[in-house]
Structure formats: structure tokens, C-alpha cells
Chemist: 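Below is a structure I'd like to ask you about.
Side-chain atoms are counted along with the backbone in the values below, which use heavy atoms only and exclude waters and symmetry mates. Values in this document were obtained by computation on a predicted structure and should not be read as measured data. In what follows, chains are A, B, ... by sequence order, proteins preceding strands, each numbered from 1.
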Amino acid sequence: MDYLVILLLQIGSAVASLVLMSIGLAVIFGMMRVINLAHGEFLMLGGYAAITAFNHGVNLWLAMVVVAPLAVGLFGAVVERLVIRHLYGRLIDTMLATWGLSLAMIGFVTVVFGNTVSGISAPLGSLSIGAYRTGAYEIFLIGVAVLLLVAGWLVLRFTRYGLIARGTMQNPAMAAALGTNPSAVYAVTFAVGSALSGLAGGLLAPLSGVVPTIGAAYIAKAFITVISGGAAILSGTAIAATLLGAINTLATFAFTSVLGEVALLVAAVVLLRLLPQGITGRFFRRAL
Amino acid sequence: MLDIRGLSSGYHKIPIIFGVSFQVAAGEFVGILGHNGMGKTTLLRTIVGQLPATAGAIRFAGSDIAHAPTHRRARLGLGYVPQGRQIFPGLSVLDNMRMAAASAGLGDSVLDGVLDALPRLRSILGRPGGVLSGGEQQILALARCLCAEPKLILLDEPTEGIQPSIIEEIIEILQRLKGERGVTIVLVEQNLDFIRRLSDRVLIIQKGRMTGEIPPDHLGDDELVAEFVGMSAH
Amino acid sequence: MINRRKLLRASAAGAAGLAAGPFVIRDLHAEDAVKIAGIHDTSGGLDIYGKQMVATLDLAVNEVNESGGLLGRKIQLINYDPQSNIQLYTQYATEAATKEKVAVVHGGITSASREAIRPLLKRFNTLYFYNTLYEGGVCDRNIFCTGSTPAQTVEKLVPYVQKKWGKKIYTIAADYNYGQITAKWVKKYAQDNGGEVVQTDFFPLDVTDFGPTVKKIQAAKPDLVMSALVGAAHISFYRQWAAAGMNKQIPLASTTFGNEIVITSPEEHNGYIVAFGYLEGIDTPANKKFVEIVHGKYGIPHMTELATMTYHGLHLWADAVKKANSLDRVKVIEALEGGASYDGPAGKTTIDAKTHHDILDVYIGEARDKKFVVLEKFAQQQPADTQAVCDLKKSPNENKQYVIDVKT
Amino acid sequence: MKAGRVKAGPVKAGRMALAGNLAVLAAGLAALFGLPAFAETYLIINSTIFAAFAILALSLALIWGYAGILCFGQAAFFGLGGYTYAVAAINMGETTLPALMAVLLPALFAGLLGYFMFWGRISDVYLGVITLTVSLIFYRFVNQTAGEQWNIGDAPLGGFNGIPSTPILNWPGRAGDQLAPEDIFALSVGLLLAVYFGCKLLLATRFGRILVAIRENETRAELLGYDVRLYKLAIFMLGGAMAGLSGLLFANSVFVSPTMFSLPVSGQIIIWIIIGGLGTLIGPVIGCILMQVLTNWLGTVSQIKGFGWVDPNLVLGVLLVIFVLLVPRGLTGLAAGVWSWLKGLANRAPAERSATREQTDP
Amino acid sequence: MTTSSTTASSTGSSTARPLLQTRGLTMRFGGVVAVDHVDFTLQERELRCVIGPNGAGKSTFFKCLTGQLVPSEGDVLYRGTPIAGSGSHRIARLGVGIKTQVPNVFDGLSARDNVWIAAAKVAPGRAAERRTDEAMARVGIAAIGHRLVGQLAHGQRQLVELAMVIAPEPDLILLDEPAAGMTDEEVDRLVDLIAELNRSHALVVVEHDMQFIRRIARIVTVFHQGAVLIEGGVAAILTNEQVRDVYLGKQAASPPHASRGEVSAQRTEGS
């Protein structure tokens, strides 16, 4: 019984971390058809922002929840202005340019911070479930993932910005003809997506630590989750993360962590073959 | 209200319209009649800003908009009901309208007035735009345009692929708009009957050039009809 | 086609130079300086180690130069950064040996990088020092391996922690040769000592999610966890282990938890017990001075065995050159084989002529507030694992890495 | 969206093309016979690796530049070629058959993967994700084969460390009689020339012309009765075979390790092509060699005091962004642009003269 | 101009197997029914014109025939073989060629290469070259063979596409608005070409330009709101009040399904 609870909790935690590490990418891809291959480095930057702020005396929660998203959001706005804006509608080119950006960011952070920035330990302590102990912070992250999805849904569904963003995403030319400035929407969206990546990077830092190359551990999983999810930003990410996270965890528990990872990757390949437009490309097409 | 002089444009390097000039006064309903491929849609898309003008001037409500971005033209009060309707498929009917109001910087309060004018939409407010029939989409496209409270509406072939009963309804709506609200409208069509029943005056576009103007009641003329449709039995 | 011998002769005779050579700032004595090369990853995933190895190599070279140089000449150090890319190791080793004609190459971090350049340097008759702790088994007269091997550290660590904490061990190890073989030694010594390894899990070097593992370990209820995790990604384990509060529940010992102490916090690592051929907390004047210099002048926050043995390695080589009074490779090798020894920050390290590995002091230490405190020292431990498979005195022409078969 | 970024111009009039081909051939032959006579050993070793990589560059240049298939996991075939050779050679002793297998197996695997993708109508970014994922699966798998249970016959897969004891090719039929490094060099450069001109020939055949047509407009090709999937499959398999060949040569100049399958390898091929110019064959080869030389140089310069900021990642990344934004047609496109600009300058003088004459003559 | 003349094929014995037949062909996009239960029959070597106002479903109908779209319902039979849902290339190999509404050409290739690609599908080596030259000569684009198609004018691109369609000599040629964007001389040549092609090929031509229809048509099918409104000889159709009303957008037009029963009668009358 305890084991079952702990297993479910672990699945929840795997799903939550997939959601966290892909949500920023999903927003940017879903709204703008831009794949940000520097996404992993955006997360990395979020981690560095949080840790640097913390090491300078900022309250840990403030560092993770405010400083990290703000810093990366600003950085995203600059990147949008300098690079992304010139490549709209050229999916492959944006992928290449952001990949270059990813290399440059790794190099830059290495030069600035070096490789031995001390991390922060996970707050909140641990708690017991029957005979097992688990980090309370992991449960907190599950909560944050759910909160982010719900908040995202509320924003898209009920706010003016959400409405305009959804309309622009479906038909930018028509949105412009109605008076919306699509490039402004894109700029805001990119900044918001970046800020979400920063938030996720900050929140994940206590568990994974930060080194300049940590982005590589995130990007492939995030990329695969988002594409498997398909067009719908939130439900796509949520469904794909749930599916892949559950498969990964179950296979890890049953076999080894490598097989868990391989099972995740194989599942994604099969999924894309069966549903070439992703899960929400076929089902739940009108979802958010 | 709208003053177009020597306007040329086209797709990529292929020129489609050549030095088109015409004027529309406030409150006027101008029909532009032309066959397929004569440049009607290109003309409207150039006015809206979706295609760049290669030459000429567009003045609207007192400002030169020939090189303004699309959204700025829309904010100036240029409304557009495009060919093929371009409904946001994933938004509900209500959200399609709210999107328009929001894009124009208006509140949801405008919606009621529009729904009063187009009561048919009230019963389908919650349905996604993508599942509507062609006729319903056309009415929605019109409603969406109205939600931005435009000074001038550009209508691109609203009868295309639409059932006759709905066409009749659209005619009634447009007549009412013209009468009650005094909206200025430019309509491009190849549907003679439709254009005749609505327009104050009718311009003819042929191969990307404005070739003439005729009073709408002449459109009933058998000779002209036969020539236009090409069905005259010589 | 030109045959190989002719080619080598041509290059030995010094054929035309090339424009695309490395960018070297030459000092005044460059013309008659003794060139040596360092090949360490200072960018890419391994730079955390590479940077400090470059620093200590530089320190050692400066020391030799300041004390009069070698054979009346200065040492000129040429550094290459292979960027954690195996193929660049190949290219740089060839360049160092045939273009720069260096007297010795120090370098290589992973076993893969060592195996990429070891055959090349042998072919080009260039002496090679590999200063990293590794899985053991290399048997080649042209190479000297100054780092510790699992038999040296695990043999001491396992009985120590079993006595302290209990017999049941859960091993988690990096999934590559070092981790695999370390896990085997852990199992062997655990059993020799009357205990058992309840489970062994291997993790590829880029795994960051250890959530399921933390739970699996709890389900297995071991007395202690033995970690041979390696690299940046694996630091996540220690964080997630502590986040679940497990570091207070099940103790942990490791032969790899080294530089990780800088990145993790005291709450996360206090109480971990490790075994290395060097610990920063060694309480000797030599080490204190060494640590002060690398912290201060080079800005390295924490010294590891890799960097310290690199320092030892350079001094071992320099002493041997002096002893041989020649840069001739064979003479230097013979001098090293003749019981060459260097007493430095890591204590006394002596070359084992049979295996060309170090006989070194093994330290057991405990992590306390970002520092390792030495608990116990085991002097002059033999590289028993490599000795079991390799005897260069008997067969000097050996040229391979043995996979050491651990009988459990 | 088609994966093609910039469409290639039409095949240039015969004389220019012939001159270009002759120049490439001359450069290749000069390298083949000149280098061993004059150059130092390290340059020969480096050139061997460059040649192996140039074949890898051509493999993607062909399928991406001419068939519009952007494969983000070309490293999968590269690694598969290397590992196939290493494992087979260790087990068989004689290396001729293993060398053939190193080309065939990746081709067959590409066939399998291609069938899976093209018959599922997968394209664009989805194709990118699948190929990338497949190469990741290989990487993950091979990376964890350090244990003894992963020995294939006599060959330990070796996990992260790879197979350092990868055997060197022997002369066909003479097991144990290994090729010397300069023989490997000659083989690599010779094969590079063969592959380069083979691609040129292929593109001039019916198959090649149809392939380019498919890149230009898949729908039209289908409406003309071409089974687009078959053509894509064939070229994808050929690309796989070329990448496998490259892996074989790499295994002979370095040795096989899991990094062959890694994302940075796939990515670096894409960089070569972007820098060199998509839709050409010579561009990616030039891009490959330039980037290799640059990487090599960065590894030495960043070690000099005062140059610590020269982080190779930083330099390569910024370079890639600049090329995508400002030089989208790569170096070959840039060269062509400069050339036609110069020609324009040369032609303008007489044109201006005649223009003034027209004006003055009423 | 022309009075309706009887063609052998259209009045051929009713037992002869038609070249192309659709039964209840329907294509829906979301809530929009683009093609609505179309029954359409075409005999060997028949020339059929399809007219109808914008949005009547003509192009969608063509896409269903060529496999670019998989119909929601109904059958397409080509010489008795069901082809609905087959791949485009399979249908093309059966001998169906199409010139699409928006020119579908290889922009990055020369005009001659474009046509050669088409010819090479059915003819090897020399024969392909010969066919290429023939097709280009027939269409009158031999002079622009070396030019990049992407840089040609719209009308010329249309001609290149036409040459691509006829080069493999398909049994059935579908032309979607072939005259759009052409100069008068080009249209004249097109009219002659269609007549000449019709001696050995079946054709279906979709066109808006009534003058053009009048010059080429014998039997005309009128689409309206996705369905067949009426079908008959060109003279009859062009004088038909109902057609005229539909075309003019007059509201008098009766719902399309009501007229279905008249089709055969009117058709007989027309031919």
C-alpha cells in the first residue's frame, strides 16, 4: 500500500517535472510555431538567476519564483527582438538560430560563472509516507505544475490577453485585420514563455543543481513532450507529460533508469508515427 | 472617407492590379463587380495591408495608410470580411466576436448591439467557429467585423458558396446596416443580383483595372447581364 | 604510396611547419625550452576537473622552472583543450608529439580519452602521464598512471564503513567502466568482510532524475549506500537524496564524491564518508601550502585527487629527468622505474615498476561543512588490481588495458 | 513547410560547372598525393578525420539539400556504421566484410526508419523529432553497455568508454596486415572524392532530377505519378550508407564511442551545412573542414592566458546565429553573391556609357 | 457560336463502361459540406466542362478525384476500379493528369526540366526527351524552356503546367481554370489545344469564363453549393434560366436537390 502511494507520487513527480520543463517551450511553440532549442539553456539561466540571487541574500522563494522568471523573461524579450523576430514563419531557421544561441549561452555562462557555483538545497524538508520518506519539495512541485496548468488555462480562457493570443495563434493575418498587432503578441508570448522557463529552471535548481551544460538534460525531453502533445498548449503538454512520465517511471521502477528513459523515447516515436500531429493534433483539437 | 489613387500591387513578383483609383464617401455603399481572377480580392487585401502596395496612395479617414501595418489600419476603423470568412476555428462564436472587440480595444459591451442586429447567432454562441456551416460562418464574419465598430467595411464575396436563404438574410442585414447605422461599405462581388440590390453605385474591375462605373439599376439590363455572365445566346 | 617508416622518418627529421598550428606565446627562452603538453578538457562537461588540472600542472611547471629548470633549460607548457571531444584528443596528441615534439604529455580525464591518445603517443615514442583515478588495468610501458584505482580505495573504505554502519550495502554507480568495476570491488570486499550488496544500480552519466532510485533504495532497506556516481548530472542524486531526508536515515560512502562538496550544501553532504588518494583536509605543511596557492593564485575552490596527482605527476617526471640527466624517453622511463618517488601534498607517491601505477597513501575522510576531514590514513597502498594482471618487468612490450576480473 | 531553406539555382551552364568540378578534383588529388609527401604526421591524421567528416557532411547535404529531408539524427547512422565495423571486425578478424557491413547496416536501418516515417507521412519538425529521438535511443543504449552482459561475441561494447581496441582495416584478404595511417588517409580522401563525384553524378541522373523536383513540389510529383515515398526512402538509405561509411573511417582514425551517436554530432553536421551553404555539395565539405580547423584552433587558443573568454561553445554558437540571420545561403551563396556583384560592377561601366549616349541622342 | 454537336462518347451505348464515375461523392470540412453527394459520369474521350459560381465545390471535387483529398463518403470509379482514397501517384499512374487551380509546378527548376520530369515518369531516356520537346511545342513554350519557372508570369506558369499534364499523355485530363491569367493569344492556343487533345483524351475542364466555355464545351455540368445542379448540352445550359439565376446569384434558384430528377432529361435534350 505504501509502495503504491509512493509509486503514484513518483509518477506525479515525474509528470510534474516534465510539465515544468516543457511548459515554456509549449507556450512558445503552440502560439508562435517557433521551436526554441535554447529552451534548456533558458531553464539553466533560471537556475543561475535563482542561485545567484539567493547567494546575494535574496529570500529563497523570492529568488526562485520572482527573480528567476523575471530575469529569463527579460532575456527572452531581448532574444525575441534580436533573433526570433527576423525568422518568423521559418521554423527550421529558428531552430538553427536558437540552437546556436544555446551553444553561445553555455559558453557565456561557463565564462562568467565557471563550473562550480554552489547550489541551493531543497527547502521544505521531507515527510514520511508509511515506511517511506519523500521530499516535501517534490510534492510542492507537483502542486506548482498543476497550478501552472490551471492558471494557464484560466489566463487563456478568461482574460483579454488570452483571447487575443488564442485568436492570433489560429490566424495571425485575420487577427491583424481586426486590429491586433501580431508581433506585439508574439513578443509578449515569447517573453512569457521565457519567464515560465525561468520559473521552472529556478524551481528545479534545488533538485538538479546548476551547471552550464544542464540544459542538455532538459531540452530533448521538453522537445519530445511538446511535439508529442501537439497543437494544444496546455492539454497537449499535460497529456503528453502524463503519458510519458508514467511510462518512464513505471519502466524505471520495473527495470533500470536507462530502460525507463528508452521506454519514454520509444513511446514518443511510436506516438508520433500513429499521431503525426501529436496527441492534440488528432484529439481534443479545440482544447487549449 | 476612402481615397485610392493609382494603386498597384500583386503577389510576390506577379502584378495583379494596375493603377486602380476610386473614392468612397462616408455612408456610401459601393459595389465592385468583377469576374474571378480580375483582382478583386487582391485589391481588398492591399487596402487592408495584407499585401504591400507597389505604387499608389491609400487615404483613409484623413490619413495616408498605404504603408501602415494591417493592425494600425484596422484600429483606424477599417473593417474587413475576407473571402472564405477566415473564422477562428477554435474559438467559439462568442469568442470570435470578443476577439474582434478586444483587438479593437473595445469592451464586451459592443457585443449586445451586434447580436441584436444578427439575432441568428444568439442560439449558437457557444459553438466553435470551425463547425459552423458556411452561411453561419459568413454571418459570424460580418458580426465579428461589426464588433470592432468599423467606419468602413470591406466585404469580399460574401455570397460565395452560401445558401440562397442566407444570402437573402445577408442582404437584409446589410440593408439595415446601411439604413440604420449609416455604415460605409465596399463590396466586391461577382453576384450581379446581390450587388445590384445593395450598391449605391457599381464599379467594374477587369484584369486589375477599373474599367467603368454603372448605376446599379442598369445591372438588370439583359444585354449587360448576358455580357457579364457570358451566357448571351448570340 | 609512402610507407609508414619513411613517413615517420620524415616527420622526425622535421618536415615543413604549418600555419594552422597552435597559438603559443613564446617566452624568451622558448628556443631552447623543454616543451611538454597538457591535454585537459577545459570546456564541455568535464571542465570542472580539467580547469584545476591545468592549474596544478602550471603550478608544478613554474616550481620546476623557478628552481632552475630542467637540465639547465626552462619547461614550456603547451595546453590543449579537447572540449570533451574524443576526436580532438587524437588530433592534439598527434600534434603535440609530431609537431611540437614534446618530451611528455600529461592529460586525459576519462578512460576513453586516455585510450584515444595512449596508442598514438606510444607509436610516436612520446612519454605519457595519466593522472586521473580510474578503473585500473592499463599495461603499457610508455604510460604512467598516477591516480588511485578501485582496489586501493574500495579495499579500505568498505570494511571501514561496514564496521561503522552495518553489512548491507546498496551500490549506485555511474554506468561506465569505472563505475562497473568499482561496483564489483565493492561487492568483493563487502563479501570478504562478511556482508552483502543487496542491489547495484547503474546510471548513465547524463541521468538527472533519481526520484525512483531514492524510493527503490528505501524499499531495499540497506545499512548504507555506496556511491560511485560521477559528473555534473549525478549531483542531482545527492540533492534528491537529501531532499527526501534520506541523508539523515541511511548513511552514504563514496569513492567519487569529491568536487561535489563545493556544489552541495553542508546539510546535504555532512556525514558522507569517502576514500581517495588525496583529500584537501590532509594536515601536512606541504598540503597546506599547496592548497593555499591553488585557492589563492588559481582561484580553484576545491582540490581533488585528479588535480593533485597531476601536480605529483609533473614532479615525478621532472625528478626522473634530472635523475636520468636526459630527456631521452627510455632513460626517463628507466629512471621512473627505479623506484621514483615524490613526497607532496598527497603524501608519498611511488612508481610501481611492475605496473607503472602509483603506490600511494589512501585517505578516508568525512564531509563536514564543505570540507573533507581526514579520519584515517592507509600508507603506501599497492595498485593490487593492476598488479594482478600486469607485469611490465616480465613483458615490457605489453600494450593494452586489461579488464580486471573480480572474483566475487 | 518544406525543409529546404534556400532553393538551389538551376544547374549552371556547362562550362562553369565543369571548371568547378575540375577544381575540386584537382584539390582532392593534390591533397591525396601532395600531403603525404610534404606534410607532418599530425596534419595527415587531422586530414583523415576531416575527410571522414566531409563524407558525413555530404550524407546530410544530399538528403537535406537535395531531397528536403532534415534529419536531426544523422549521427545514428554514423555511429551505427562505426559500431557495426568495430564489433564485426573484432569478431571476424578479417576486416573487409565488416567494412561492407558498416555501410550496409546503416543503410538498412535507414530503410527501416524511412519506411516507418515516409509511409506514415511524417515530415518537417515531426521528422526531425523522430530522427533525433532515434539517435538519442542509440546513444542511451550504447552508453550503458559497460557491463559484460553487453559483449557481442568477443567484442565488449564498452559503454561510455566505447571500444578503444577498434581494429584497423587490413588489406583485403590479408587479416592482420593493417593499413598504415597514411593508407587510411589515402583511403579516406579517395573515398571522399568518390562520394563527392558519385553524388554529382547521381544528381544528374533521372533519379537525382526527380529527387530535386520532389523537394520543389511534392504534390506535383505525386500528381505526375511518382511515388514520393520511394524516392525519399531511397535517398534516405543512401544518406544512411554514406554516414555509415564515414563512421567506418572515423573508427579507423579515432575509435568508436557513444559520442558518435550524440546530439552534438548531429548538430555539428547541420552547422557545417549552414556555414557552407545548403543545396550545394561543395559548401558542406568546405564548411566541415573550416569548422574542424576552427574548433581545433579554439582548443589551443583558449588555453593561452588572457584568452580565457574564448570559449569554443560561445564562438561556434554566435557564428551559427550570425549565419542563420545574415548569411542564410552560407559561404558558397555569399561567394556567388560577391561574384555576381563584381560581374555587375564590371558590366555597369559599359552599360552606363550606352545609357548616357541614349540620353544625349534625342 | 458553336451549336451543340453530338459526340460519339457521350451518347455511346449505355452499357459501355464509363471512364470515370462518382457515386454519392461527399466531402465535408467541419461544418462545411464542400461536395455534396455528387454523381458524375464521364465517358472515354469525352470533353466535359464544369461550371458553377465560386465556392460551388469544383476544385474540391477535383481533389477528391486525384487523391489529394480522401472523400468523406461515396465512391470514385476509374474504368470500374474504385480509386477513392488511393494515393495521388497511384491515380496518376492509371492515366489521370491534372492542372490544379493554383499552379503546382517546380519553381526552382527550368521550364524544360519541369516538363521532362512529367515525361520521364512514363517514357525512358530518349523518348522522354522527345515527349518533353513535343509537349512544349504543342503548348508553345519551347522558347522559354531554359527559364526558371518561379520567375515566369502567371499565364506562362499555367502553360508550363499544362505541358506537364499532357507530356505523359494521360487518358483523362483534368483542367482547373486553365485560362486564368492568360493573354488572349494564349487563350486562343489553349482552345485549339483542348480541341486537339480531345481527339484522343477525355477532358474535364473547370472554368469561370463563359466565353471560354462557349468556345470549347459540348456537355456542361453545373455545380452549385457542392452538388450537381444540372447537366446538359452547352446551348441548353447557357440558355437555362436556372443556371443563369444561380450564376447571377438570383434567389429564384430552387434548391439543388430538387433539380436532380431533371438531369437526365435535360441532358438528352442537350445532346
Chemist: Are the side chain of A:Thr159 and the backbone of A:Gly162 linked by a donor-acceptor contact shorter than 3.5 Å?
Modeler: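 At least one qualifying donor-acceptor pair exists.
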Chemist: Counting only non-hydrogen atoms closer than 4.5 Å, does B:Gln50 touch chain A with its backbone (N, CA, C, O), its side chain (CB onward), both, or neither?
Modeler: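 Side chain only.
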Chemist: Under the rule for side chain to side chain contact (heavy atoms under 4.5 Å, CB included), what residues qualify as partners of A:Ala104, not counting sequence neighbours?
Modeler: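 Scan of A:Ala104 (side chain to side chain contact (heavy atoms under 4.5 Å, CB included), adjacent residues dropped) gives D:Leu314, D:Val318.
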Chemist: So which part of B:Leu154 gets closer than 4.5 Å to some heavy atom of chain A, the side chain, the backbone, both or neither?
Modeler: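 Interface part for B:Leu154: neither.
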Chemist: Given that the side chain runs from C-beta out, which part of A:Thr168 has a heavy atom under 4.5 Å from chain B: side chain, backbone, both or neither?
Modeler: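 Both parts, heavy atoms under 4.5 Å.
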Chemist: Return the orientation label for the A:Phe42 and A:Phe190 ring planes: parallel under 30°, perpendicular over 60°, tilted otherwise.
Modeler: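 A:Phe42 vs A:Phe190 ring planes: perpendicular.
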Chemist: Under the salt bridge (charged side-chain N to carboxylate O under 4.0 Å, His left out) definition, can you give me all pairs with a residue in residues 221-237 of chain A, not counting sequence neighbours?
Modeler: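 Sorted result for residues 221-237 of chain A: A:Lys221-A:Glu261.
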Chemist: Answer whether the closest heavy-atom distance between the side chains of B:Leu174 and B:Leu177 falls below 4.5 Å.
Modeler: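 A side-chain contact exists here, since the closest heavy-atom pair is under 4.5 Å.
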Chemist: Could you look at A:Ala175 and say if it's the side chain, the backbone, both or neither that has a heavy atom under 4.5 Å from chain B?
Modeler: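 Looking at A:Ala175, backbone and side chain both touch chain B.
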Chemist: Of all of B:Ala148, B:Ala100, B:Ala101, B:Cys145, which one pairs up most often with chain A through heavy atoms under 4.5 Å apart?
Modeler: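 Looking at each of B:Ala148, B:Ala100, B:Ala101, B:Cys145 in turn, B:Ala100 comes out on top.
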Chemist: Below 4.5 Å, heavy-atom pairs only: which of B:Asp108, B:Val48, B:Leu91 has the largest tally toward chain A?
Modeler: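 Highest number of heavy-atom pairs under 4.5 Å: B:Leu91.
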Chemist: Mind checking what makes salt bridge (Lys or Arg N to Asp or Glu O under 4.0 Å) contact with B:Arg120, not counting sequence neighbours?
Modeler: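 Counting only residues at least two positions away or on another chain, B:Arg120 forms a salt bridge (Lys or Arg N to Asp or Glu O under 4.0 Å) with B:Glu169.
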Chemist: With a distance cut-off below 6.0 Å to the six-membered ring centre and an angular limit of 45° from the axis, does B:Arg144 pair with B:Phe88 as a cation-pi contact?
Modeler: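 Yes, B:Arg144 lies over the aromatic ring of B:Phe88.
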Chemist: Closest heavy-atom contact between A:His86 and A:Leu82?
Modeler: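 So the minimum-distance heavy-atom pair works out to CD2-O, 3.1 Å.
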Chemist: Kindly indicate whether a cation-pi arrangement holds for A:Arg33 with A:Phe29, taking the cut-offs as under 6.0 Å to the six-membered ring centre and within 45° of the axis.
Modeler: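 Pair A:Arg33/A:Phe29 counts as cation-pi.
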Chemist: Which residues, numbered in order, of residues 69-78 of chain B come under 4.5 angstrom of chain A by heavy-atom distance?
Modeler: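 Residues in range: B:Thr70, B:His71, B:Ala74, B:Arg75, B:Leu78.
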